[in-house]
Amino acid sequence: MLARKYFCWYALFYCFLFLTGCKSKSSVVKKGPAEQVIPVKIDTIIKTVIVHDTVPKLSIGEHKVWTLGKMGSHAGMRQETAIHYDIRKPNYVIIHHTAQNSLDQTIRTFQVEHTKVSSHYVIGRDGVIVQMLNDYVRGWHAGLSKWGTITDLNSISIGIELDNNGREAFPDEQIAALLVVLDTLKTNYGIPTANFIGHADIAPARKNDPSVFFPWKKLADRGFGIWYNPAELVTAPDTFNPIDALKIIGYDTSNLKAAIIAFKRKFVINDVSPELTVYDKSILYNLYLKY
Ligand SMILES: [Zn+2]
């Protein structure tokens with residue numbers, strides 16, 4: 001609570017700075033020299049990088065101002081500022097199930113101090129979409145994770161939590177709402193088709209979400225994630241190396257059994273044993289050819 005109160009005063013302070021800075025900003029722009037335009041860009045960043053309070057149904061509600069301060073600056077180096085930049089965009093979407101029992105329970109989880117977890121969106125069983133973080137800020141949903149050579153998924157991804165206890169199907173209304181969010185994100189940020197993945201993909205030894213009930217094929221049919229082509233399944237050739245294939249897709253194979261289980265939970269579904277059968281390898285081979 002103290003932190004929240006402090007943050008409000010902090011936000012007011014920056015609002016004050018921004019408002020009082022507007023006059024000098026416009027006179028600075030008219031002068032023209034590049035270095036004098038810089039304060040305008042910084043104001044733009046301060047205005048743009050914001051943290052939402054609870055914002056139901058994607059509407060823009062109350063905001064907090066958030067600033068970098070001295071973070072990212074290296075003392076002792078000569079400081080010159082380039083004038084061409086904007087804010088980094090998300091390039092991955094990570095899908096989760098909450099393993100909780102209600103939407104409200106998850107919202108509370110993301111709003112109390114001690115949990116240290118959050119996601120950008122939470123989607124209810126009835127299809128209600130709750131945005132809890134601006135797309136441009138770094139949510140805390142991926143945790144210790146790896147995909148390909150990427151080791152900080154939180155920095156480049158949007159986290160979407162689906163209200164689901166992990167032992168139940170995902171209702172059609174919830175998946176329909178998810179598809180709306182995914183379509184918006186893909187359009188707004190140009191996220192590649194293969195970069196819509198699950199928490200268990202990036203943390204196979206720690207996580208199992210979303211569960212076997214999650215309709216990955218339905219998502220892939222709409223352009224979110226990669227799925228194999230059942231009509232093209234063939235026995236993988238003798239030269240095929242399934243471990244390399246898992247790595248090429250993105251899986252961290254340092255715990256190979258966990259990686260195989262994560263792969264099978266997603267693509268084989270009705271068998272999640274930690275060995276690859278001939279059939280499993282044919283699916284993996286078909287996927288491998290798509291990368
Ligand atoms: Zn998760």
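One-based numbering, in listed order, for ligands and for the atoms of each. Positions are given from 1, in the same order as the sequence printed here. Only a predicted model underlies this, so the values are computations on that prediction, with no experimental measurement involved.
His96 contributes atom ND1 as its closest N/O/S atom to the Zn ion (ligand 1). Nearest N, O or S atom of His199 to the Zn ion (ligand 1): atom ND1. Taking the Zn ion (ligand 1) as reference, Asp209 places its N/O/S atom OD2 nearest.
For Phe224 and Trp216, the ring centers are positioned 6.0 Å apart or more.
The backbone N or O of Val180 lies less than 3.5 Å from a partner atom in the side chain of Thr184, making a donor-acceptor pair.
Using a 30° and 60° split on the angle between ring planes, His97 and Phe170 fall in the tilted class, from 30° to 60°.
Each of His141, Arg138, His120 was evaluated against Ser157; a single residue qualifies, His141, per the side chain to side chain donor-acceptor pair (under 3.5 Å) test.
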